[in-house]
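To start, the structure itself, in structure tokens.
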Amino acid sequence: MSDTCIFCRIFRGEIPAEEVRRTPESLVFRDTNPHAPTHLLVIPKRHVSDLGTFVAEAPAEEIGDFLKVVGEAGRSETTGGYRVVSNEGADGGQTVHHLHFHVMGGRKMAWPPG
Ligand code: 5GP
Ligand code: ZN
């Protein structure tokens with residue numbers, strides 16, 4: 001946990017967010033700047049900057065449990081399919097440095113993304 005990280009603060013309830021689901025180790029909430037009719041963010045409680053760090057540091061069971069929440073959020077919050085994205089680093093377009101998966105649906109997604 002980090003005192004200053006915006007997503008740690010959302011996890012702790014210090015910054016309001018539209019929560020969709022909470023487990024002891026993860027949180028699903030709505031993105032404030034949605035790029036699709038459904039645009040969720042899924043974060044682990046563990047403060048890690050990105051996916052590469054998460055898979056290097058966390059036990060496999062924790063990684064698996066987190067991925068399960070991501071897939072369950074996609075299935076339960078959309079009907080016609082969904083897209084999962086995790087941006088890492090400058091070239092990946094990451095702006096918040098606490099691991100998050102974007103889960104987007106409710107419209108047909110273009111491919112390739114920009
Ligand atoms: P990234 O650019 O790092 O992949 O994604 C960060 C996402 O977090 C962006 O889509 C942005 O809209 C979202 N975001 C940033 N600050 C907040 C916030 O305070 N609350 C919520 N709900 N989403 C946020
Ligand atoms: Zn954090």
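Any value given below was found using the heavy atoms of this structure, including those in side chains, with hydrogens, waters and symmetry copies removed.
Note that NE2 of H100 and CG of L51 are 11.0 Å apart. Values are rounded to the nearest 0.5 Å. Atom OG1 in T95 sits 7.5 Å away from atom CG in N87 (nearest 0.5 Å). A distance of 11.5 Å separates CZ in F29 from CD in E18, rounded to the nearest 0.5 Å. Once rounded to the nearest 0.5 Å, the distance linking OG1 of T78 with CG of L40 reads 8.5 Å.
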Expected list for residues 10-17: side-chain donor-acceptor pairs under 3.5 angstrom, two or more places apart:
| from | atom 1 | to | atom 2 | distance (Å) |
| --- | --- | --- | --- | --- |
| R12 | NE | E14 | OE2 | 2.7 |
| R12 | NH1 | S2 | O | 3.2 |
| R12 | NH2 | S2 | O | 3.3 |
| R12 | NH2 | E14 | OE1 | 3.3 |
| E14 | OE1 | R9 | NE | 3.0 |

Atom pairs and distances, donor-acceptor, side-chain atoms in residues 55-70, under 3.5 Å, two or more places apart:
| from | atom 1 | to | atom 2 | distance (Å) |
| --- | --- | --- | --- | --- |
| E62 | OE1 | R46 | NH2 | 2.9 |
| E62 | OE2 | R46 | NE | 2.8 |

Let me have the donor-acceptor pairs involving side chains of residues 104-114, under 3.5 Å, with sequence neighbours excluded, atom names and distances please.
| from | atom 1 | to | atom 2 | distance (Å) |
| --- | --- | --- | --- | --- |
| R107 | NE | H35 | O | 3.2 |
| R107 | NH2 | H35 | O | 2.7 |

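Ion pairing between a basic and an acidic side chain is recognised when a charged N comes within 4.0 Å of a carboxylate O; R21 and E72 show such pairing.
Clustering ILVMFWY residues whenever any of their side-chain heavy atoms sit less than 4.5 angstrom apart, transitively, puts V48 in the very cluster that holds V42. Criterion: ILVMFWY side-chain heavy atoms under 4.5 Å apart, direct or through other members. Under it, F54 and L27 are not part of a common hydrophobic cluster.
Under the rule for a salt bridge (charged side-chain N to carboxylate O under 4.0 Å, His left out), R75 has no partner lying at least two apart in sequence or in another chain. With sequence neighbours excluded, the residues that form a ring-ring contact (aromatic ring centres under 6.0 Å, His included) with H47 are H98.
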Problem set entry | side-chain contact (heavy atoms from CB on, under 4.5 Å) between L99 and I43, intermediate numbers included | CA-CA 6 Å; L99 171 63; I43 60 169; over 6 Å; no
For this session: Walk me through it: do H102 and H39 pass the test side-chain contact (heavy atoms from CB on, under 4.5 Å)?
Result: CA-CA 7 Å; H102 299 257; H39 187 163; 2.8 Å; yes
Problem set entry | Derivation of the side-chain contact (heavy atoms from CB on, under 4.5 Å) call for R30 and V20 | CA-CA 7 Å; R30 295 193 191 282; V20 172; 3.8 Å; yes
Exercise. Where do V85 and R83 land on the side-chain contact (heavy atoms from CB on, under 4.5 Å) test, with the steps shown first?
Worked result: CA-CA 7 Å; V85 171; R83 177 170 292 171; 3.8 Å; yes
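Side chain of E88 to backbone of G52: a donor-acceptor contact under 3.5 angstrom is found. Side-chain N or O atoms of S86 include none that pairs as donor or acceptor with a backbone N or O of F101 at under 3.5 Å.
A pairwise comparison of heavy atoms in S26 and T23 identifies OG-OG1, 2.6 Å as the closest pair.
Legend: ring-ring contact (aromatic ring centres under 6.0 Å, His included) pairs involving residues 71-95, not counting sequence neighbours: none detected.
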